[in-house]
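All values below were derived from every heavy atom in this structure, side-chain atoms included, with hydrogens, water molecules and symmetry-related copies excluded.
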Amino acid sequence: MLHDGSGELRGFTKVVRDLTERRRLEDQFRQAQKMDAIGRLAGGVAHDFNNLLTVINVSGQLLMEQLPPRDPGRRLVKEIATAGERATALTAKLLAFSRKAIVEPRVLDLNEVVTQSELLLHRILGEDVRLATALDPNLRPVKVDPTHAEQIVINLAVNARDAMPRGGQLTIETRNVTLREEDAVTYPELPCGRYVLMAVSDTGTGMTDEVKARIFEPFFTTKEVGKGTGLGLAMVYGAVKTHRGHIAVYSEVGVGTTFKILLPVTDETRPGPRSGEIRTVPRGAETILLVEDEDTVRRLARLALEMHGYTVLEASGGVEAVRMAVEHPTPIHMLVSDVVMPVMGGREVAEALRAKRPGVKVLFVSGYTDDAIVRHGIVEATDAFLQKPFTPTSLARKVRAVLDGTE
């Protein structure tokens, strides 16, 4: 208020501030904090499940190999194995959401990912949903884990199909975009630069604002009980964030939904074609020091390695492993060690073993897939990593590859 010398009111000043943008940013920040907290919980749950699933999967495969072909028990064991595989897939989605999965990025053309997925997409969508694509022929390359890229496309397609119970159209579009300073309001977490945009649009039922606010949360679903896990879009969110990208959803009830994903362009060139994977696992005769603090996982891993011809020295912890390495009179060719263990972790075991036995090969295994934890365990560039849950075949194949120097 403005007063004159006598105290009489002569006028007033009014200041109006538009807080819309500030509140929008505050909402984004709170949402990011909530998603981060849920991600940490999901990652911890997934780690515990990885150890349990290792036991289930390894036991199932070993039992299946011991049963005669016509044994009626094979059907039950196969059901156990199938359930283990499904649980492993769910755990992988949790890890993808929590951004704690070990990723293997490669230089990719997203157009090829979409094109190669089209046959599967037609089967997923059914006859009453039309699939249309608008792919930029000059699309720039991105560096993304191929499995993540495929899962993004498939999960968005499945979500779109469920939103179109009476049929409709699904459109996948790709194009190049460049973010400038003025785009910081829309994409505050992305630096300026070149990106590839992939938009997946449907003509389905659309979503309310309340649903949109929760669609990326694990286990949140609008489907009936037993009709879905609610992990599909959570996996997409985690995969996009893992690769320093951005995902946004635009939806209107009764009109449809569009998911827009931005991934940074890479300047790296694509490598040549990879040779086909060898399906048979050669047997070995080397001596392996196996270190694992989970008793059941250790016993099953030992059995799997011994069945492939290896001599296994079994230790339940780092201190015991170092003692065995000192006392063992003949060569130890390889260390297979869990990363995170009480008292002495896998990194310390590897360093101590290399001091006593230079040249020993190392393979780390872990259910913890936080990149910082895993990388902390890897001592040298030649060290390999195998993520739990693993099967007897995958363990034996990895061990053979590391020993032969092809890993």
Side-chain angles (χ1 to χ4, degrees), residues 47 50-51 54-55 58 62 102 104 275 277-278 280-407:
H47 162 255
N50 275 338
N51 275 330
T54 299
V55 175
V58 172
L62 293 177
I102 300 301
E104 298 180 9
S275 59
E277 181 183 12
I278 300 175
T280 59
V281 183
R283 293 174 59 82
E286 293 89 345
T287 297
I288 296 174
L289 176 56
L290 173 65
V291 192
E292 169 63 63
D293 60 327
E294 290 284 342
D295 294 341
T296 309
V297 174
R298 185 178 66 255
R299 287 195 297 268
L300 290 171
R302 174 174 184 164
L303 179 59
L305 291 172
E306 288 178 339
M307 288 180 64
H308 284 84
Y310 299 101
T311 299
V312 180
L313 307 176
E314 182 180 345
S316 60
V319 176
E320 182 184 3
V322 173
R323 178 183 57 78
M324 294 179 68
V326 172
E327 297 176 353
H328 191 68
T330 56
I332 296 177
H333 302 90
M334 186 175 184
L335 168 69
V336 177
S337 176
D338 193 9
V339 174
V340 181
M341 297 180 292
V343 183
M344 192 176 191
R347 179 187 179 91
E348 291 76 20
V349 175
E351 290 174 340
L353 187 58
R354 282 194 170 115
K356 303 291 183 181
R357 298 173 180 264
V360 67
K361 301 292 182 68
V362 176
L363 171 63
F364 290 109
V365 296
S366 182
Y368 282 104
T369 49
D370 184 289
D371 192 65
I373 293 175
V374 172
R375 299 305 169 194
H376 178 72
I378 295 179
V379 185
E380 297 184 354
T382 54
D383 292 339
F385 176 79
L386 178 63
Q387 182 177 321
K388 298 175 183 177
F390 52 77
T391 65
T393 301
S394 64
L395 174 61
R397 181 178 290 120
K398 192 79 169 183
V399 165
R400 191 67 259 161
V402 175
L403 286 170
D404 292 343
T406 59
E407 174 59 36

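- Put simply, the side chain of Glu314 reaches to within 4.5 Å of the side chain of Arg299, judged on heavy atoms.
- The minimum heavy-atom distance between Lys361 and Val402, with the atom names listed, is NZ-O, 3.2 Å.
- For the pair Arg357/Leu335, no side-chain contact is recorded, criterion being any heavy-atom separation below 4.5 Å from C-beta on.
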Exercise for review: Go through the steps to decide whether Arg354 and Val362 satisfy the test side-chain contact (heavy atoms from CB on, under 4.5 Å), and finish with yes or no.
Suggested key: CA-CA 9 Å; Arg354 282 194 170 115; Val362 176; 3.3 Å; yes
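- Under the 4.5 Å side-chain criterion, counting only non-hydrogen atoms from C-beta, Asp293 is not in contact with Ser316.
- Inter-residue side-chain proximity for Glu294 and Asp338 is flagged as unmet; no heavy-atom pair is nearer than 4.5 Å.
- Annotation for Val291 and Ala321: closest pair CG2-CB, 3.5 Å, computed over non-hydrogen atoms.
- Taking the side chain as every heavy atom from C-beta outward, Arg298 and Asp295 approach each other to under 4.5 Å.
- In this structure, His308 and Val399 have side chains that are not in contact, with every pair of non-hydrogen atoms separated by 4.5 Å or more.
- Among all heavy-atom pairs drawn from Val326 and Lys356, the shortest one is CG2-CE, 4.1 Å.
- Tyr310 and Pro282 get closest at one heavy-atom pair: OH-O, 4.3 Å.
- For the atom pair CG of Leu290 and CG of Leu395, the computed distance is 8.0 Å after rounding to the nearest 0.5 Å.
- Minimum heavy-atom separation, Leu386 to Leu363: N-CD1, 4.0 Å.
- Checked for salt-bridge contact, Arg347 and Glu351 meet the test: a charged N lies under 4.0 Å from a carboxylate O.
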Exercise for review: Could you walk me through whether Ile332 and Met324 pass side-chain contact (heavy atoms from CB on, under 4.5 Å), step by step?
Suggested key: CA-CA 10 Å; Ile332 296 177; Met324 294 179 68; over 6 Å; no
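- Counting heavy atoms from C-beta outward, Glu286 and Arg400 have side chains that approach closer than 4.5 Å.
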Practice item. Take Val365 and Lys398, measure what side-chain contact (heavy atoms from CB on, under 4.5 Å) needs, and give me the verdict at the end. Key: CA-CA 11 Å; Val365 296; Lys398 192 79 169 183; over 6 Å; no
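- Nearest heavy-atom pair across Ser337 and Gly346 is OG-CA, 3.5 Å.
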